[in-house]
Amino acid sequence: KRTRTPVPSAAGSGVPSTMSSSLPTRPRTGLSILGVCLSLMAIAIVSSFAIPAFFERPSVTLESAADLFAKDIVDLQNQAFLNFETVELRFLDGGDGYTGHHKDGSLLPAPTGDGTFRREYSFNAVFRGVRMDVIELGEGNTLRFDRQGLALTSMRVLFSYEGGTCEVRVEEGSGRVIIEDVVEAE
């Protein structure tokens, strides 16, 4: 803390001058801009290696694909129930993804609100290489939900990626989605 004390001027003019007296000060503490920049640069360098390595693990990719698939199925059920209409989940050829449709065949809007309801793994960098194999499905290559959001058939799908697998099942009626544990390649 600093104080200023008026002192009579040496010139004798009667006009006071000010002299600074200071108490002991503490040394500066805190971060410098350079320190912050170096810390951020180190975090960026470590992240540039760690994040891709994390997402390249087959178990992470398979879990993410299965979770997104389950979320999309629930979104379809909700759309069927809220709009009181039959909706369909159709699988793309070659196990590359799926699309959501109205009963008349037109594409549903995407759950995120932008574009149409279409997941195509070959165009998604995170899921590139993921494959879906439909193991069991009622009629055709389509999973249907009625106007109450109930699944009209059961379904089993096997996701595969770099030798690992993950199975997703949908129960007939309730439409409950069950995700089995990921089995990694040995």
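The chain is numbered in sequence order, starting from 1. This structure is a prediction, so every number in the text was calculated from the model and none was measured.
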Would a 4.5 Å heavy-atom cut-off, applied to side chains only, mark V130 and F159 as touching? yes

Check: S32 and V36 side chains under 4.5 Å, non-hydrogen atoms: no

Please confirm whether the backbone N or O of Q148 pairs with a side-chain atom of D146, one donor and one acceptor, at under 3.5 Å? yes

Using side-chain heavy atoms (C-beta onward) and a distance below 4.5 Å, is L108 in contact with T116? no

Nearest heavy atoms of H101 and R90, plus distance in Å: CD2-CD, 3.4 Å

Got a salt bridge between D133 and R131, using NZ or NE/NH1/NH2 to carboxylate O under 4.0 Å? yes

Over 12 non-hydrogen atoms of neighbours within 6.0 angstrom of NZ in K103: no

Rounded distance [0.5 Å steps], OG in S47 versus CG in L40: 10.5 Å

Considering residues at least two apart in sequence or located in another chain, which fulfil the side chain to side chain donor-acceptor pair (under 3.5 Å) criterion with S39? none

Which residues pass the salt bridge (charged side-chain N to carboxylate O under 4.0 Å, His left out) test with R156, not counting sequence neighbours? E136, E167

Decide yes or no on side-chain contact (heavy atoms from CB on, under 4.5 Å) for I178 and V168, but give the supporting numbers first. CA-CA 6 Å; I178 301 162; V168 178; over 6 Å; no

Please name the pair of heavy atoms, one in E88 and one in H102, separated by the smallest distance, quoted to 0.1 Å. OE1-O, 4.4 Å

Are V74 and F145 connected, step by step, through hydrophobic side chains (Ile, Leu, Val, Met, Phe, Trp, Tyr) whose heavy atoms are closer than 4.5 Å? no

Passes salt bridge (Lys or Arg N to Asp or Glu O under 4.0 Å), R169 versus E171? Steps please. CA-CA 6 Å; R169 295 190 321 261; E171 292 181 349; 5.7 Å; no

Donor on one side chain, acceptor on other, D96 and S122, under 3.5 Å: yes

Mark yes when over 12 heavy atoms from residues, nucleotides or ligands other than L82 sit less than 6.0 Å from its CG; otherwise mark no. yes

Any side-chain heavy atom of Y121 sitting closer than 4.5 Å to one from Y161? no

Can you tell me how far the CG atom of L62 sits from the CG atom of D67, to the nearest 0.5 Å? 10.5 Å

Determine, step by step, whether M155 and I73 satisfy the side-chain contact (heavy atoms from CB on, under 4.5 Å) criterion, reporting the C-alpha distance in whole Å, the side-chain angles of both residues, the deciding distance to 0.1 Å, and the verdict. CA-CA 11 Å; M155 178 192 71; I73 288 172; 4.0 Å; yes

Angle between ring planes, F69 versus F91, binned at 30° and 60°: parallel, tilted or perpendicular? tilted

When you group the ILVMFWY residues by side-chain heavy-atom contacts below 4.5 Å and let the links chain together, are I179 and V157 in the same group? yes

Can you tell if the side chain of L92 reaches within under 4.5 Å of the side chain of T99, non-hydrogen atoms only? yes

Under a single-linkage definition using a 4.5 Å side-chain heavy-atom cutoff for Ile, Leu, Val, Met, Phe, Trp and Tyr, are L152 and V170 assigned to the same hydrophobic cluster? no

Are F81 and V87 linked, directly or through other ILVMFWY residues, by side chains that come within less than 4.5 angstrom of each other? no

With a cut-off of 6.0 Å (strictly less than), are more than 12 heavy atoms of other residues, nucleotides or ligands near CG of D93? no

Answer yes when D75 and K71 have at least one side-chain N-carboxylate O distance shorter than 4.0 Å, and no when they do not. yes

Can you tell me how far CG of L150 sits from OG1 of T86, rounded to the nearest 0.5 angstrom? 10.5 Å

Counting C-beta onward and ignoring hydrogens, is there a side-chain heavy-atom pair between T142 and L89 closer than 4.5 Å? no

Atom CG of L68 and atom CZ of R119: how far apart are they, to the nearest 0.5 Å? 4.0 Å

Partners of E172 by salt bridge (charged side-chain N to carboxylate O under 4.0 Å, His left out), sequence neighbours excluded? none

Euclidean distance, Q77 CD relative to R176 CZ, rounded to 0.5 Å: 12.0 Å

Does some side-chain heavy atom of F117 sit less than 4.5 Å from a side-chain heavy atom of L76? yes

Is there a side-chain contact between L158 and C166 (heavy atoms, below 4.5 Å)? no

